[in-house]
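Let me begin by presenting the structure, written as structure tokens, before commenting on it.
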Amino acid sequence: MLKLVIIGGGSSYTPEIIEGMIDRHDQFPVTEIALVDIEKGKQKLDVISRLAKRMVKKSGKDITITASLDRRKALKHADFVTSQIRVGGLKAREKDERIPLSYGALGQETNGAGGIFKALRTIPILLEVSKDMAELCPNAWLINFTNPAGMVTEALLKYGSHKRVIGVCNIPFNMRTGVAEILGCQTEDVEIEFIGLNHFVFGRRVLVKGVDYTSIVIERLKDPSNQYSPANIVSEGWSSTFLSSFMMLPNPYHSYYFKGAEMLEKSLKEYWENGTRAEVVQQVEEELFKKYDDKELTEKPTELEKRGGAFYSDAACNVMTSIYTNKGDIQTVNVQNNGTISDLPNDAVIETNAVMGAEGPRPISIGALPLSIRGIIQLMKNMEELVIEAAVKGDRERLYQALVINPLVREETLANDLMEELLEAHKEDLPQF
Ligand code: NAD
Ligand code: G6P
Ligand code: MN
């Protein structure tokens, strides 16, 4: 028996995990996939569970799909659990995106004031999941995708009862795929030395079969068409000056910090033309769910690539497979620092390369951060620590401080205005305040 529980099973991304599990079934012979959701997500859960059953049937694999609203029951006997929930749904995300923009402040679901409020809504709920897991499946691994994945994972490792937690994001995986395309080689052969935080990670070195390709990749990235960007980020890429000077691969989210004026202009234009990203995603979801409900459909449709998180399941499925088979390969995950980066606290969660085996991730030592990015990474981590304390303790002072030091807010009066308006807008989902 090998049981996987997917919390937030009604997510439109779930068919990706199902596909990933089918494709890896020889190495990871999962016997049951239990989808869990809440009352509000029941309709989506039903559509997804029917599609998952058709996908499994077509594959001929021996996997049982179950769907329920009873998380505690589903968690019994779980070996692996993935979390992909959205507290307050896309309506809450709409507020996270619209309210800061109405003040001319940048951000999106994981960055700026919106990202902070997503953390405040989410962390208490996942701490409950952690409590359930410690009691009902103490040996299971929790693979967390729920955003903001870095902060959520840190909160779980600091304050949760269950410590087998790994945070995952599709960006490092997709950056590797992007580099493989640029170089015309296989993704498996590309190793990028990642340093930093979730959605604030840099690629310091690129190796292909052990040979250093960093300067070649940096040179080719000067052509914007070679620069990877997920569907949710509109960016025109990096200048040659920036790339040559920092000599690292930035990730697409860095645009919000280092190309702020341009990103604000684009985000406002996008907002006036199409509404917030949350509204665009609601339309994409509607089309996707119509497709998913087609009885003839037996595989993941390509339209899922309109979502920014496309291919996220590869990262999750690879982590689970390597733990199960004690593979010992290198994967990029969010884990507790514990000295990996000497300039950050031990209990800070970082996004880094780790050897993945039966005992979980073993981060590969980095040492000191490069001088060029040391300060900004320490600042971002400091901001995240304040948000986590605010989320767990319902501490308004910590929340205000986090907003003031966040580079996408940074103004004391703006921080206060945003705090008051977002606290009011989200009050139903923020019982701790
Ligand atoms: P979604 O709105 O479809 O939500 C997923 C499901 O979670 C919904 O069916 C919802 O009903 C359910 N849900 C909400 N609260 C729940 C709870 N307490 N228990 C169980 N289920 C609950 O969202 P989505 O766009 O599919 O994204 C899901 C999550 O994954 C978000 O937090 C998103 O930011 C994150 N995400 C992360 C990455 C990454 O790179 N880490 C990539 C893609 C998505
Ligand atoms: C990604 C990120 C995710 C993010 C998502 C947004 O690339 O890594 O963490 O949540 O895209 O995509 P969406 O389609 O929901 O805007
Ligand atoms: Mn991500």
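Worth saying up front: this structure is predicted, and the values here are computed from it rather than measured. In listed order, ligands and their atoms are each counted from 1.
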Candidates G308, S229, P148; heavy atom nearest atom 12 (O) of ligand 2 found on G308
side-chain contact (heavy atoms from CB on, under 4.5 Å) with L35: which of L45, I17, V5? L45
Atoms of ligand 1 close to Y13 [distance to a heavy atom under 4.0 angstrom, numbered from 1]: 25 (O), 26 (O), 43 (C), 44 (C)
Do R71 and ligand 1 have an N or O pair less than 3.5 Å apart? no
Relative to the heavy atoms of E109, which atoms of ligand 1 are at a distance of less than 4.0 Å? 34 (O)
Starting from atom 23 (O) of ligand 1, locate the nearest protein heavy atom and write down its residue, its atom name and how far away it is, to 0.1 Å. R86 NE, 3.1 Å
d(R176 CZ, D314 CG) to nearest 0.5 Å is 10.0 Å
Select the closest option to atom 3 (C) of ligand 2 among N147, V281, N251, L90, judged by heavy-atom distance. N147
Decide whether the shortest distance between a heavy atom of E285 and an atom of ligand 1 is less than 4.0 Å. yes
Using 30° and 60° as the class limits, which term best fits the ring planes of Y253 and H199: parallel, tilted or perpendicular? parallel
Measuring from the heavy atoms of T110, does anything fall under 4.0 Å of ligand 2? no
For the student: nearest non-hydrogen atoms of L120 and V387, plus distance: CD2-O, 4.0 Å
Residue-level breakdown please: for F145 versus ligand 1, do any non-hydrogen atoms fall below 4.0 Å on the side chain, on the backbone, on both, or on neither? both
So is Q108 touching ligand 2 or not, going by heavy atoms under 4.0 Å? no
The protein heavy atom nearest to atom 11 (O) of ligand 1 is D37 OD1, 2.6 Å
Check if Y253 has a non-hydrogen atom at a distance under 4.0 Å from any atom of ligand 2. yes
Checking a contact table here: which protein heavy atom is nearest atom 18 (N) of ligand 1, and how many Å away? I125 CG2, 3.6 Å
The answer for which part of K40 has a heavy atom under 4.0 Å from ligand 1 is neither
Can you pull out the closest protein heavy atom to atom 26 (O) of ligand 1? Residue, atom name and distance to 0.1 Å, please. S11 OG, 2.5 Å
Of all N, O or S atoms in H199, the one closest to the Mn ion (ligand 3) is NE2
Under 30°, 30 to 60°, or over 60°: which ring-plane class applies to F242 and W238, parallel, tilted or perpendicular? parallel
What atoms in ligand 1 come closer than 4.0 Å to a heavy atom of K118? 31 (C), 32 (O), 34 (O)
Taking both backbone and side-chain atoms of I85, is any N or O found less than 3.5 Å from an N or O belonging to ligand 1? yes
Give the atoms of ligand 1, by number and element, whose distance to some non-hydrogen atom of G41 is under 4.0 Å. 11 (O)
Under 4.0 Å to a heavy atom of N170 - the qualifying atoms of ligand 1, by number: 40 (O)
Near R307 (heavy-atom distance under 4.0 Å), the atoms of ligand 2 are 13 (P), 14 (O), 15 (O)
Considering the heavy atoms of I7, write down every atom of ligand 1 situated less than 4.0 Å from one of them. 20 (C)
Applying a strict 4.0 Å limit to heavy atoms, is V168 in contact with ligand 1? yes
Between E19 and K300 (salt bridge meaning N to carboxylate O under 4.0 Å), is one present in this structure? yes
Of all protein heavy atoms, the one nearest atom 34 (O) of ligand 1 is N147 ND2, 2.9 Å
Per-atom contacts of ligand 1 with R307, taking only distances under 4.0 Å to non-hydrogen atoms: 25 (O)
Applying ring-ring contact (aromatic ring centres under 6.0 Å, His included) to H426 and F433, what does each step give before you reach the verdict? CA-CA 10 Å; H426 289 301; F433 282 94; over 10 Å; no
Among protein heavy atoms, which lies nearest atom 10 (O) of ligand 2, and at what distance? E109 OE2, 2.4 Å
Starting from atom 17 (C) of ligand 1, which protein heavy atom do you reach first, and at what distance in Å? I38 CG2, 3.5 Å
